[in-house]
Participant: 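My structure is below; once you've seen it, I'll send some questions.
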2 protein chains.
Amino acid sequence: MRVKSRSEEVVNAIGKDIVNGVISPGERLPKVEELSEDYGVSRTVMREALQGLAARKIIRANQRSGTVVLPRDEWQLWDLSVMSWISESEQRKDKFLLDLTEVRLGLEPDAAALAAKHATEEEKARITACFERLEQTLDDPKAWAAADFDFHLSIIEATHNQLMAGLLKLLHKGLILSREKTVTSLNEHTELQQENPTTEILNRHRNLYEAVISGDADRAKAVMTDMILRVRQLIEASQQQQF
Amino acid sequence: MRVKSRSEEVVNAIGKDIVNGVISPGERLPKVEELSEDYGVSRTVMREALQGLAARKIIRANQRSGTVVLPRDEWQLWDLSVMSWISESEQRKDKFLLDLTEVRLGLEPDAAALAAKHATEEEKARITACFERLEQTLDDPKAWAAADFDFHLSIIEATHNQLMAGLLKLLHKGLILSREKTVTSLNEHTELQQENPTTEILNRHRNLYEAVISGDADRAKAVMTDMILRVRQLIEASQQQQF
DNA sequence: AATTATTTGTCCGTATGTATG
DNA sequence: CCATACATACGGACAAATAAT
């Protein structure tokens, strides 16, 4: 396992505080020397940490006038660290999951259509292998989640659009983060709502799989749209229920 | 204007070299001391620069074994700096512009629909103001481009989805970068293709504007889709022509 | 308009940690 | 398990920018 550097730790600590409103946009951070004392690291490390936050457009450093927190709409949300801080934030995580799903709804059906159009034989073979893994892990939720991730990934990477692929990869990682941090587990919830959800879900995946492999872009798009709409329903239901 | 720090300059220099294949994925960079000598900066600055590249998943630093360039599919493409390097790369920029447009096609129609559904009175007023600015700048290409950017932004921000808004903002900035670096200017090209493109384009924008203001989500989505498909046609035509 | 004070930005000598052979 | 080579971390000094006086 990869061990986090000191500056990464500090980035996470300060980043979480900012996301959770402990420090608000517009406020000024203490100067570097003070911060480095607070967090028990050298100025070098603290400077690197501040640069990490600045790269994500969360703070801006100005000579003499100090370092300030930038307004929320400037933050670079499409970053795994920022996503993890939001996923852990009680105030933010619900809206975050819905927003992610909305973006997914725009992109992933198109990605499926592109994959149906452009997948090479090699890519189709990989998609097939991923689907077969899905069939075999119906009874093991953890293995199924991993297989599901790989299945979607194999389709995403067949789009031959690196920008879209990178974005959807990040989005799915965000979804996983979001699910991990959700106490009222979505898995448990789906089990409550339906008698036999897994075979129905597998059939949806089979539809998608067949559409992509057979090169039917329109059907792939439609099936993917349905799948995500279904997920959104479950999320909305699960979030309603909390009150 | 904001002046770039030394480390930012070094990030750009090395980043461009990597994007252009001067240094390839898998290759190892010289050690920090050597690099800092090559670029005429201190080790501190070079370390900050390397961290900037590492944050974008372009390199990974390992103790003892040194710093290596990561494979392309790990790079964080959704970053303005990375986008600017690609936009300046002769080998990459054409595909990049098409890929961007494809992502736009997935997202922005949905964003328009969301805006039509959720825009507040205040946001509608801003959208109206932006549209009126469009009407008034028909004869000034530079002012029109700026007004166009703001018009799209005003719709994007009415989605009430910060993730989508941040993404589309970045995407539009990427489009601008891409256009700036394109020698065979798209503007000139459109003028060659049509007699009177500007009024037709304005009418498309009026359709979109009216749909959003009247809360007609389906129409807003359809009009936006048409607009982007039209842009894609022009891009494809312009890129074909280069040979 | 000039000076000063404060804070970030830069430099470098040194020490420590860690993975590789 | 040791030696080596590299990134990582420390801290004191100075440079540059700019808000306040």
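Proteins get letters first, then strands, A, B, ... in listed order; numbering begins at 1 in each.
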Participant: Measure the distance from CZ on A:R6 to P on C:dT18 and round it to the nearest whole Å.
Facilitator: 10 Å
Participant: In whole angstrom, what separates A:K31's NZ from D:dA17's P?
Facilitator: 20 Å
Participant: Take B:L50 and A:R64, find for each the nucleotide of DNA chain D with the closest heavy atom, and name the residue whose nucleotide sits nearer the 5' end.
Facilitator: B:L50
Participant: May I ask you to verify whether the side chain of B:Q63 and the base of C:dA19 hold a donor-acceptor pair under 3.5 Å?
Facilitator: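 Looking at the base of C:dA19, it does not pair with any donor or acceptor on the side chain of B:Q63 (distance under 3.5 Å).
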Participant: Can you tell me if NZ on B:K169 sees more than 12 non-hydrogen neighbours from other groups inside 6.0 Å?
Facilitator: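 Enclosed.
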Participant: Please state how far atom CD in A:E48 lies from atom P in D:dT8, giving the value in whole angstrom units.
Facilitator: 8 Å
Participant: Hey, are B:E74 and B:R60 close enough for a salt bridge, meaning a charged N less than 4.0 Å from a carboxylate O?
Facilitator: no
Participant: Could you tell me how far apart A:L35 (CG) and C:dT7 (C1') are, to the nearest whole angstrom?
Facilitator: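 Distance check: A:L35 CG to C:dT7 C1' gives 12 Å.
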Participant: In whole Å, I'd like the distance from the CG atom of B:N62 to the P atom of C:dG21.
Facilitator: 12 Å
Participant: Pick the nucleotide of DNA chain D nearest each of A:S42 and B:V32; which residue has the one closer to the 5' end?
Facilitator: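 With A:S42 and B:V32 compared, the 5'-side residue is B:V32.
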Participant: Is there a donor and acceptor pair closer than 3.5 Å between the side chain of B:R43 and the base of C:dT14?
Facilitator: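 It does, because a donor-acceptor pair links the side chain of B:R43 to the base of C:dT14 below 3.5 Å.
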Participant: Looking at C:dT8, I'd like to know if its phosphate oxygens (OP1 or OP2) sit under 4.0 Å from a side-chain N or O belonging to A:T67.
Facilitator: yes
Participant: Rounding to an integer number of Å, can you tell me how far A:R28 CZ sits from D:dT18 P?
Facilitator: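 Taking CZ of A:R28 and P of D:dT18, I get 15 Å after rounding.
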Participant: With heavy atoms under 4.0 Å as the rule, sort A:R47 into base, sugar-phosphate or nothing.
Facilitator: base
Participant: State, to 0.1 Å, how close B:W78 and B:L167 come at their nearest heavy-atom pair, and which atoms those are.
Facilitator: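 For B:W78 versus B:L167, the nearest heavy atoms are CE3-CD1, 3.6 Å.
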Participant: Rounded to whole angstroms, how far apart are CE on B:M46 and P on D:dC6?
Facilitator: 16 Å
Participant: If you only use heavy atoms from C-beta on, which nucleotide in D:dT8, D:dA9, C:dT7 is closest to the side chain of B:A61?
Facilitator: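 The closest nucleotide is D:dT8.
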Participant: Under 3.5 Å, is there a donor-acceptor pair between the side chain of A:R56 and the main chain of A:G52?
Facilitator: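 A pair under 3.5 Å: yes.
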Participant: Can you measure A:Y39 atom OH to D:dA9 atom C1' for me and round it to whole angstrom units?
Facilitator: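 One finds 19 Å between C1' of D:dA9 and OH of A:Y39, rounded.
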Participant: Yes or no on ring pair (Phe, Tyr, Trp, His ring centres under 6.0 Å) for B:F131 and B:H205, after CA distance, side-chain angles and deciding distance?
Facilitator: CA-CA 8 Å; B:F131 176 70; B:H205 281 75; 7.8 Å; no
Participant: For DNA chain C, whose closest nucleotide is more 5', that of A:T44 or that of A:G66?
Facilitator: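 Residue closer to the 5' terminus by nearest nucleotide: A:G66.
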